[in-house]
Number of protein chains: 2
Amino acid sequence: MPSATTLRSDARRNRGRLVASARELFATHGVDVPVEEITQHAGVGMGTLYRHFSTKEELIDAVLEDAFSGLVDAAERAVEAEDAWAGFTSFLEYAIGLHATNHGLKDVIAERAHGAKRAQAMRARMRPLIRRMIERAQEQGTLRADFAPGDVPLIFWTSGRVIETTAGIAPNYWRRYLSLLLDGLRLGAATTLPEPTLTPAQLQRATRGRRA
Amino acid sequence: MPSATTLRSDARRNRGRLVASARELFATHGVDVPVEEITQHAGVGMGTLYRHFSTKEELIDAVLEDAFSGLVDAAERAVEAEDAWAGFTSFLEYAIGLHATNHGLKDVIAERAHGAKRAQAMRARMRPLIRRMIERAQEQGTLRADFAPGDVPLIFWTSGRVIETTAGIAPNYWRRYLSLLLDGLRLGAATTLPEPTLTPAQLQRATRGRRA
DNA sequence: ACAGAAACGGAGCGTACGCTCCGTTTCCGA
DNA sequence: TCGGAAACGGAGCGTACGCTCCGTTTCTGT
């Protein structure tokens, strides 16, 4: 079991091809592209893929690593915005814009399942940032007080669905949806929300479960 | 090819069992339950199913017929409400409550595809009713003016996703989501929506397409 | 130059789905 | 009662997926 830098030249080359191929296909078609399509597009065999990545999940996780850290960076920038509402909303617009561009990212974040190591770590780093964004906007009196951090996944789940349904038909339609939803988040909304937000435990179950 | 009433007694009995079995399983597990599970739960063989319904889609369509007409009834009642906003929102709450109870209905309405005859007819009957609801609420000055009938599927698509994700964890959480979204629909929202609504042609493509 | 370790690739396995085919059983009128 | 039409049921087909296995090829240090 040699260290990562001790790969034979052809192995390193093929690994690169696989990642590039997967990056492209995941972005355009989502993570459900068959592994065979990935290997063919990369010009390698199936065996080669599974020597480098013990599972398809692992490949997904590796390919999306960059996108994950890009999201965390955006969240860190958003937390520092003077206008917390602007920071929060522009973060959401950026993140969901990424979903529209990179369907693989959308699948991992907005769909259930697909919770590999790097995705998990990204979520963990994101959580306190989002909490800060929300707290600040509520302190500044721009975000309704009964919105909670546990409600943020709601935005991703639902936006993901809009993108899935309209991506090939009206690629920017998700902006209309997000705008609508954000208007419901502003302070001064006419109602108070029914039902509590989701607890961390509930969220964990929601993002893991498959059908029984 | 005998008329519908000229079925042999065992055939009529088994057809009833199939529909009952499918109704139950579709409601609890959605339309993705394997046909074999439906036939086993009904105590009949696969051949029996496919003699009565030439395709699984047709079975779905037949089983959901009642739910479809229930929806249309609710829409007709909603149109007549004095307070058009109340009519519109309580219709949405009723419809989405049905989605939470009957996952098969949700799959057909909130998911893409599954567009058989009766579902299609239900949609056609619903369209003018929804248009009236929206027009009236806008005339009464309670629904924002830039919301359009073409945006209604948005509500079903996204609520469907919320239900799918949280049904087993927080069965009423969708109410919180819907409340949030409806607050964004009220007149006096701070923004005007970006991006136009979907045209009928776009909607048709959105509710039909499968992945290429 | 060459041995052998490393990497390769794709046929094939296991699973799950919708649906069909056809030998067997059941019903029902004469 | 009994024959044939009607209905039955489930093994099996075709498809699509993730993944494995192993004979073949390629790289690399000596």
Side-chain angles (χ1 to χ4, degrees), chain A residues 1-22 25-26 29-63 104 107-108 111 113-116 210-212, chain B residues 1-22 25-26 29-63 104 107-108 111 113-116 210-212:
Chain A
M1 193 167 287
S3 75
T5 56
T6 319
L7 276 177
R8 230 171 67 174
S9 62
D10 54 346
R12 192 164 51 248
R13 177 169 36 94
N14 282 336
R15 195 194 139 95
R17 283 181 185 171
L18 276 168
V19 171
S21 166
L25 293 176
F26 285 160
H29 300 312
V31 298
D32 282 346
V33 281
V35 289
E36 191 175 4
E37 211 165 304
I38 296 171
T39 59
Q40 282 181 2
H41 189 261
V44 306
M46 306 259 315
T48 304
L49 199 169
Y50 282 94
R51 210 166 311 105
H52 290 296
F53 304 95
S54 64
T55 204
K56 189 189 178 185
E57 284 279 291
E58 207 173 280
L59 173 65
I60 293 169
D61 209 40
V63 163
D107 289 343
V108 170
E111 218 121 328
H114 298 302
R210 267 277 177 262
R211 57 184 73 251
Chain B
M1 193 169 289
S3 76
T5 54
T6 321
L7 277 177
R8 229 172 66 176
S9 63
D10 53 346
R12 191 165 49 250
R13 176 170 35 95
N14 282 336
R15 187 188 206 276
R17 283 182 185 172
L18 275 168
V19 170
S21 166
L25 293 175
F26 285 160
H29 301 313
V31 298
D32 282 346
V33 281
V35 288
E36 191 175 3
E37 210 164 305
I38 296 170
T39 59
Q40 281 181 3
H41 189 260
V44 306
M46 306 259 318
T48 303
L49 198 168
Y50 282 95
R51 209 167 313 101
H52 290 295
F53 304 96
S54 64
T55 203
K56 188 189 177 184
E57 285 279 290
E58 208 173 278
L59 172 63
I60 293 169
D61 209 39
V63 163
D107 289 343
V108 170
E111 217 120 327
H114 298 301
R210 268 275 177 263
R211 58 184 73 249

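Chain A is the first sequence line, chain B the second, and so forth, proteins listed ahead of strands; every chain is numbered from 1. Heavy-atom basis, side chains included; hydrogens, waters and symmetry copies ignored.
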message: Any donor-acceptor pair, under 3.5 Å, between the side chain of B:R51 and the base of D:dA7, if you only look at N and O atoms?
response: no
- prompt: In dot-bracket, 5' to 3', how would DNA chain D read with Watson-Crick or G-U wobble pairs under 3.5 Å, [ ] for crossing ones and | for pairs to another strand?
  reply: ||||||||||||||||||||||||||||||
message: Please report the distance, rounded to the nearest Å, between NE2 in B:H29 and C1' in C:dC17.
response: 17 Å
Length of the CG-P vector between A:L49 and D:dT20, whole Å: 11 Å
- prompt: Over how many whole Å does the gap from A:R12 atom CZ to C:dA6 atom P extend?
  reply: 15 Å
message: Please give me every residue in residues 35-44 of chain A whose heavy atoms get under 4.0 Å of an atom in DNA chain D, ordered by residue number.
response: A:V35
- request: Please evaluate the base of D:dT26 for a donor-acceptor partner in the side chain of A:R8 within a cut-off of under 3.5 Å?
  value: yes
message: Rounded to whole Å, please give me the gap between CG in B:D32 and C1' in C:dA16.
response: 12 Å
field: Nearest-Å distance for atom pair OH/P, residues A:Y50 and C:dG12
entry: 19 Å
field: Nearest-Å distance for atom pair CZ/P, residues A:F53 and D:dT20
entry: 15 Å
message: Using side-chain heavy atoms (C-beta onward) and a distance below 4.5 Å, is A:R8 in contact with A:R12?
response: no
- prompt: Which is true for A:S9 with a 4.0 Å heavy-atom rule: it touches a base, it touches only sugar-phosphate, or it touches nothing?
  reply: sugar-phosphate
- prompt: Can you check side chain to side chain contact (heavy atoms under 4.5 Å, CB included) on A:F26 and A:L59, steps first, answer last?
  reply: CA-CA 10 Å; A:F26 285 160; A:L59 173 65; 4.3 Å; yes
field: Gap between atoms CG and P, on B:D10 and D:dA5 respectively (whole Å)
entry: 17 Å
- prompt: Is the distance from OP1 or OP2 of C:dA7 to the nearest side-chain N or O of A:H52 less than 4.0 Å?
  reply: no
d(CZ, A:R15; P, C:dC8) in whole Å: 11 Å
- request: Please examine the side chains of A:L49 and A:V35, heavy atoms only from C-beta on, and report whether any two atoms are closer than 4.5 Å.
  value: yes
- prompt: How far apart are the C-alpha atoms of A:H41 and A:E37, what are their side-chain angles, what is the distance that settles it, and do they pass the side chain to side chain contact (heavy atoms under 4.5 Å, CB included) test?
  reply: CA-CA 6 Å; A:H41 189 261; A:E37 211 165 304; 5.9 Å; no
